[in-house]
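Step one of this worksheet: look at the structure below.
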Amino acid sequence: EVESLPAVGQGALGIECRSEDTEIKRLLAPLSHAVSEIRVKAERAMNHRLHGGCQVPIGGYATLDGEQITLVGLVASIDGKTILKSSLTAHQNDAEKLGVSVAEDLLAKGAGPLLEAVYTH
């Protein structure tokens, strides 16, 4: 059991460049880490579905075991008294769908009112 979950995408490095700049893309290619990309896709999809931002009590952490990705998600109340968790596993090719599924499970468990309290606070 995970005791603490980081914010979505923590530790992942994102570098942007112009899509048509083939020289810069070539220079950046060795920095790409496929496992991190898959994991962050799932985490970001969950956060996007929950409309998360920097001030929202949402945590998410994905792990990859072979071709299976597991995402543990969390939504908490502002005071931390209510904590909702969800954990699902899928094939790595379905990382984004997994993120949405974890978010939907959290919403089904009551995350909506907790998030609404944050958004209106």
Side-chain angles (χ1 to χ4, degrees):
E1 172 94 20
V2 177
E3 287 188 33
S4 176
L5 290 178
V8 168
Q10 289 297 298
L13 175 64
I15 301 174
E16 292 184 24
C17 72
R18 293 179 304 276
S19 59
E20 69 279 355
D21 195 334
T22 55
E23 176 62 16
I24 294 297
K25 288 170 76 173
R26 184 186 64 76
L27 291 170
L28 293 174
L31 301 176
S32 179
H33 187 251
V35 171
S36 294
E37 287 181 30
I38 293 166
R39 292 169 59 188
V40 170
K41 275 184 186 179
E43 294 175 12
R44 287 183 177 167
M46 179 196 77
N47 197 55
H48 179 73
R49 174 62 186 93
L50 295 172
H51 305 290
C54 294
Q55 304 302 318
V56 183
I58 295 173
Y61 188 70
T63 55
L64 200 60
D65 184 12
E67 294 185 348
Q68 297 297 304
I69 183 170
T70 299
L71 175 61
V72 179
L74 172 149
V75 173
S77 60
I78 295 173
D79 61 10
K81 291 182 180 177
T82 303
I83 298 173
L84 305 174
K85 287 186 180 179
S86 177
S87 178
L88 298 172
T89 300
H91 189 274
Q92 67 181 8
N93 293 344
D94 294 324
E96 289 177 279
K97 288 180 186 176
L98 174 65
V100 173
S101 295
V102 169
E104 293 293 341
D105 188 47
L106 288 165
L107 291 168
K109 291 178 177 179
L114 298 180
L115 295 171
E116 184 70 26
V118 173
Y119 301 141
T120 58
H121 188 71

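Excluded from the calculations below are hydrogen atoms, water molecules and symmetry mates; all remaining heavy atoms, backbone and side chain alike, are included.
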Non-hydrogen atoms of [X] and [Y] that approach each other most closely:
X      : Y     : answer
Ile15  : Leu28 : CG2-CD1, 3.8 Å
Gly110 : Leu84 : C-CD1, 3.5 Å
Gln92  : Ile69 : CA-CG2, 3.9 Å

Side chain to side chain contact (heavy atoms under 4.5 Å, CB included) with [X]: which residues, sequence neighbours excluded?
X     : value
Ile83 : Leu74, Ala76, Lys85
Gln68 : Thr89, His91
Glu20 : Arg18
Ser87 : Thr70, Val72

Let me check something: any side-chain donor-acceptor pairs from residues 44-53 under 3.5 Å, sequence neighbours excluded? List them with distances.
unit_1, atom_1, unit_2, atom_2, d
Arg49, NE, Glu104, OE2, 2.5
Arg49, NH2, Glu104, OE2, 3.1

Notebook entry, point to check: Which residues, ordered by chain and number, are linked to Val100 in its hydrophobic cluster, where ILVMFWY side chains connect at heavy-atom gaps below 4.5 Å, directly or through other members?
Noted result: none
Check: According to the salt bridge (Lys or Arg N to Asp or Glu O under 4.0 Å) rule, which pairs have a member within residues 63-72, sequence neighbours left out?
Finding: none
Notebook entry, point to check: Can you pull the side-chain hydrogen bond (donor to acceptor under 3.5 Å, both in side chains) pairs that have at least one residue in residues 30-42, sequence neighbours excluded?
Noted result: Ser32-Glu37, His33-Ser36, Arg39-Tyr61
Next item on the list: Output the distance between atom CG (Asp94) and atom CD1 (Ile38), rounded to the nearest 0.5 Å.
Entry: 11.0 Å
Notebook entry, point to check: Does Lys109 have any side chain to side chain donor-acceptor pair (under 3.5 Å) partners at least two apart in sequence or in another chain, and if so, which?
Noted result: Asp105
Next item on the list: Could I get the full list of side chain to side chain donor-acceptor pair (under 3.5 Å) partners for Glu16, not counting sequence neighbours?
Entry: none
